[in-house]
Structure formats: structure tokens, C-alpha cells
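Note that the coordinates shown come from a computational prediction; the quantities given were computed from them, not determined experimentally. Counting starts at 1 for both ligands and their atoms, in listed order.
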Amino acid sequence: MRYLLKGGLLYGESPADVLIEDGRIVKVGDVSEGADEVIDLKGAYVLPALVDPHVHAREPGQEYKEDLHSVSQAAAVGGYAHIAVMPNTSPPVDRPEVLRGLKAKAETLPVRMHFVAAITKGREGKELVEMGLLKEEGAVAFSDDGSWVSNPAVMFNALLYASHLGLPVITHAEVPELSKGFAHYDPINLKYGMKFRMPLAEELAVYRDVRMAEITGAHIHIAHVSAKESLEVIGTFRERGVRVTVEVTPHHLLFSTEKIPFYDPVFRVNPPIRSEEDRRALVEALKAGFIDFVATDHAPHAPYEKEAPLTDALPGIEGLETAFSALYTHLVETGEVSLKDLVSLMSGRPARFLGVSVAIEEGREANLFVFDPKAEWRVKEEDLASKSRNNPFLGEVLRGRVILTFAKGSLAHRR
Ligand code: DOR
């Protein structure tokens with residue numbers, strides 16, 4: 001099959017056609033050859049496919065929220081060709097057999113799946129998984145995401161083994177005793193008597209984990225950073241040469257306690273949405289290149305689990321389908337971040353983290369998406385391919401839209 005993407009702007013800059021034959025990019029530039037299908041892009045942007053190293057697919061065990069098939073559809077709709085899924089499933093991905101089953105299922109799906117294995121058996125924080133065997137089975141990293149590995153001796157050993165294996169450890173950095181509640185610690189939430197998840201919970205956990213990475217020589221990756229103090233700790237240890245990478249989510253970049261209705265459970269997430277000062281610090285760190293990449297932490301939950309009083313609603317935000325448009329609308333259109341930097345933060349940089357390539361070059365497998373920067377759309381439930389609906393952009397008008405995605409060499413999504 002031959003596709004000709006005609007009249008697009010490569011990286012949003014230079015006019016170029018893209019010829020794709022049997023899954024490979026065979027020509028980029030002025031193409032006059034024919035094709036089975038010619039798609040007129042009318043000046044839309046041709047961009048390297050997005051890559052998300054932090055996604056919750058809920059399979060096995062919670063397929064009523066999401067499964068590998070539905071999450072891959074949501075990813076394709078959002079312009080993604082590679083996603084890494086987290087192991088907080090039921091059972092967790094803490095044994096090679098579980099990983100083997102998931103890998104087999106993922107083979108036929110439209111986007112490429114990578115698997116993060118748990119750090120501890122049952123994600124209980126007590127006993128390490130067989131890290132070597134899980135690496136042999138294909139695990140790309142280790143994480144007990146959703147929980148912090150509280151026991152320092154367990155985490156120390158995990159980092160030691162991970163450094164020998166050459167894989168990163170992804171930490172969900174929140175000391176549990178300081179994060180029993182659900183709200184950011186600030187005057188607004190204090191006034192309403194909320195239970196907190198303190199920024200200090202993140203700062204202390206980040207400190208312990210990067211210090212242990214310094215001693216063990218491991219690569220530590222900080223998931224979903226939310227507090228400005230954590231950035232300071234990371235900066236200090238980076239200057240000392242520690243291999244510490246960090247991701248930020250679209251929701252921590254775009255929302256703050258000053259800007260969201262505090263009682264709306266769709267915004268309940270761990271770590272919580274923090275102050276405007278924290279949000280600004282995250283945006284500035286993103287602009288400065290300090291933050292390695294953007295990851296969605298796509299965390300689908302069933303409507304009945306979210307449409308509950310704030311105290312009972314489950315934490316998590318879904319958003320593979322809307323991530324790029326939301327950041328384009330609020331950071332690129334406003335002049336804060338260039339399109340080139342946003343693409344790098346959601347494509348090239350996370351691709352490097354996972355050790356994959358999505359470059360639009362002749363000879364490579366086609367992994368790209370087409371983005372119409374002029375589109376304006378109000379996000380509706382039917383725009384979400386996920387099984388869940390806990391997306392905070394529902395009802396909002398976004399600028400720019402993914403209209404086509406090639407992943408694994410095939411057309412994975414088309415509007
Ligand atoms: O809010 C969250 N939900 N934070 C996490 O780290 C885990 C996620 C989930 O799995 O629902």
C-alpha cells in the first residue's frame with residue numbers, strides 16, 4: 001500500500017510531501033509519483049509521532065476502565081505511536097508470565113506498547129521482583145507507580161540492581177504519611193478543611209531517591225513532578241552529576257488550585273494540582289529545557305468512580321486524546337513554548353528515554369501524525385476513544401487537532 005501525504009508542512013515549517021510505501025517512509029520532499037491513496041493535507045503540519053512513557057492501561061484486572069486495545073485507540077487518536085504502560089494492574093506486572101501475556105496481546109495493536117515492570121512483588125514495597133528476568137522479558141523500566149517504595153533498604157537494592165541492568169527506576173515520589181489526603185496544602189484548601197498531600201511529601205521523597213541514585217549510580221526518573229521545591233532538589237543533584245530525569249503532565253502544567261473548581265472530582269489526581277506558583281515554576285522549567293519530557297499519566301476511571309464526592313472519587317486524569325491540542329492551545333498559541341519545543345518534549349525526548357526513534361526520514365518506519373493548527377473543536381465524549389470519560393478538557397474549545405496518525409507503519413487513526 002502506498003500513501004502520499006501531499007501539501008503538508010514538515011515540522012510545521014517547510015512544505016514537503018511524504019510518500020509511505022508498505023509502512024516505510026520512502027520519500028520526503030516534492031513527490032510526483034502516484035500512490036494508492038493521495039491525502040491532501042492543505043497545509044496541515046506533519047510531525048513525528050508522539051511518545052508517552054507514562055500511561056495506565058488497566059489490563060489485566062480492570063478492563064472496565066480501559067484495556068490494551070482501548071488505550072491504543074486513545075493513543076492513536078492523540079497522535080501517539082509509542083506508549084509505555086504502568087504495572088499497577090491486578091495482578092501487577094511483577095512476574096515475567098504477566099508481562100509475556102501482555103506483550104503477546106500488544107503485538108496486534110495499532111500503536112507500539114512498552115511495559116514498565118513493578119519494583120516490588122504485589123507492589124507491596126517489601127520484596128523485590130525478579131528484575132533480571134523481567135528485563136529479559138522486555139521490561140523497559142521499573143516502577144511501583146501509584147505508591148512510593150517507602151522502605152529505604154528495598155529502594156536502595158532496587159536502584160543497585162537497576163544500575164547493573166542499565167534500566168531506569170521510575171519513582172512516584174510522595175511520602176505516604178504526608179499525603180494521606182487529596183488536596184494541595186494551601187490557604188484555599190486550608191479554609192475548606194481539606195486533607196492534604198503536601199509538596200513536602202514530594203520534596204522529601206525526591207531527595208531520598210535521587211540521593212540513593214547518586215550512591216548506586218542508577219538512573220532515577222521522577223514521575224509527574226508537581227512541586228517547585230522538587231525541581232530545586234533535582235537541580236542540585238544534576239549539578240553533582242546524578243542521572244536524574246523528570247517528566248511533567250499536561251494537567252500540572254495547565255491547572256492550579258487558583259484556577260480550578262476545588263470541589264470537582266475530575267481534578268482529583270496524585271500528586272494533586274498545586275498552586276499557581278508551582279504551576280509557573282513547572283512551565284518555566286519546561287521552557288528552560290530542565291524538564292526532560294511531557295507524559296500524560298493517562299489514568300482512566302469509570303464514571304461511577306469519579307462522579308463521587310471529592311473524598312471518595314478515585315485519583316487520576318485521562319487524556320491521551322487531548323494532550324497535544326491542550327498544550328498547543330495553552331502554551332504554543334499563547335507564545336510561551338514554540339511548536340518545535342512542544343514536539344521535542346512529547347516526541348523526540350520521550351523517544352530517547354524509551355530508546356526508540358520516530359524521526360521522519362526516508363527509510364524509516366512511518367510513525368508520524370498530522371496536526372491541523374486551524375481546527376477549533378469543543379471536546380465531546382465521543383471524541384475520546386478511551387473507555388473512560390475523566391478528561392478535564394471535556395466541554396472546552398481547543399485549538400488544533402490531530403487528524404491522522406501513522407503508527408507501526410500503518411494508518412492508525414484518521415478523522
Ligand atoms: O492520580 C493518579 N492515578 N496518580 C497515580 O500515580 C496513579 C494513577 C492511577 O493509576 O489511577
Side-chain angles (χ1 to χ4, degrees), residues 52-68 70-71 74 83-94 115-120 122-123 125 141-150 169-176 178-184 195-197 199 201-202 205-206 209 221-227 230 246-255 257 260 264-274 294-308 310-320 323 386-392:
D52 192 342
H54 192 149
V55 167
H56 295 274
R58 307 300 191 208
E59 185 172 346
Q62 292 185 313
E63 288 86 350
Y64 65 97
K65 300 178 196 241
E66 197 77 290
D67 60 29
L68 291 180
S70 61
V71 84
I83 58 173
V85 298
M86 283 292 170
N88 61 335
T89 48
S90 185
V93 185
D94 59 358
F115 294 93
V116 178
I119 298 173
T120 63
R123 296 178 56 258
F142 297 96
S143 182
D144 273 3
D145 184 56
S147 315
W148 190 54
V149 178
S150 286
V169 171
I170 302 174
T171 180
H172 177 127
E174 282 188 295
V175 175
L178 295 174
S179 40
K180 288 195 186 297
F182 48 84
H184 174 57
K195 283 193 177 162
F196 303 114
R197 300 182 84 85
E202 187 178 274
V206 167
D209 291 344
H221 178 75
I222 312 297
H224 42 53
V225 70
S226 67
S230 308
V246 57
E247 75 191 29
V248 68
T249 67
H251 44 272
H252 289 108
L253 284 169
L254 300 181
F255 304 126
T257 45
I260 57 167
D264 186 344
V266 80
F267 294 101
R268 182 168 173 185
V269 66
N270 297 339
I273 303 299
R274 298 208 183 275
V294 172
T296 60
D297 191 9
H298 176 89
H301 290 298
Y304 77 89
E305 294 170 324
K306 279 305 247 182
E307 288 161 14
L310 201 51
T311 43
D312 302 333
L314 294 185
I317 285 177
E318 90 86 34
L320 281 166
S386 167
K387 286 186 185 176
S388 293
R389 295 288 171 262
N390 51 316
N391 182 307

Which protein heavy atom lies closest to atom 1 (O) of ligand 1, and at what distance to 0.1 Å?
Asn270 N, 2.8 Å
With heavy atoms only and a cut-off of under 4.0 Å, state how Met86 meets ligand 1: side chain, backbone, both or neither.
neither
Is there a heavy atom in His224 that sits closer than 4.0 Å to ligand 1?
yes
Looking only at protein heavy atoms, what sits closest to atom 3 (N) of ligand 1 is Pro315 O, 3.1 Å
With side chain to side chain donor-acceptor pair (under 3.5 Å) as the test, pick out the partner of His224 among His172, His54, Glu174.
His172
Using 30° and 60° as the class boundaries, would you call the ring planes of Tyr64 and Tyr304 parallel, tilted or perpendicular?
parallel
Taking 4.0 Å as the limit for heavy-atom contacts, which would you say applies to Asp145 with ligand 1: side chain only, backbone only, both, or neither?
side chain
re atom 7 (C) of ligand 1, the protein heavy-atom contact at minimum distance is His56 NE2, 3.9 Å
Atom 11 (O) of ligand 1: which protein heavy atom is closest, and how many Å away?
Arg58 NH2, 2.8 Å
When only distance counts, is Ala299 in polar contact with ligand 1, meaning an N/O pair under 3.5 Å?
no
Is it the side chain (CB and beyond), the backbone, both or neither of Arg268 that lies under 4.0 Å from ligand 1, heavy atoms counted?
neither
Distance-only check: which donor-acceptor pairs under 3.5 Å involve side-chain atoms of residues 85-93, not counting sequence neighbours?
unit_1	atom_1	unit_2	atom_2	d
Asn88	OD1	His56	ND1	2.8
Thr89	OG1	Pro87	O	3.4
Thr89	OG1	Pro91	O	2.8

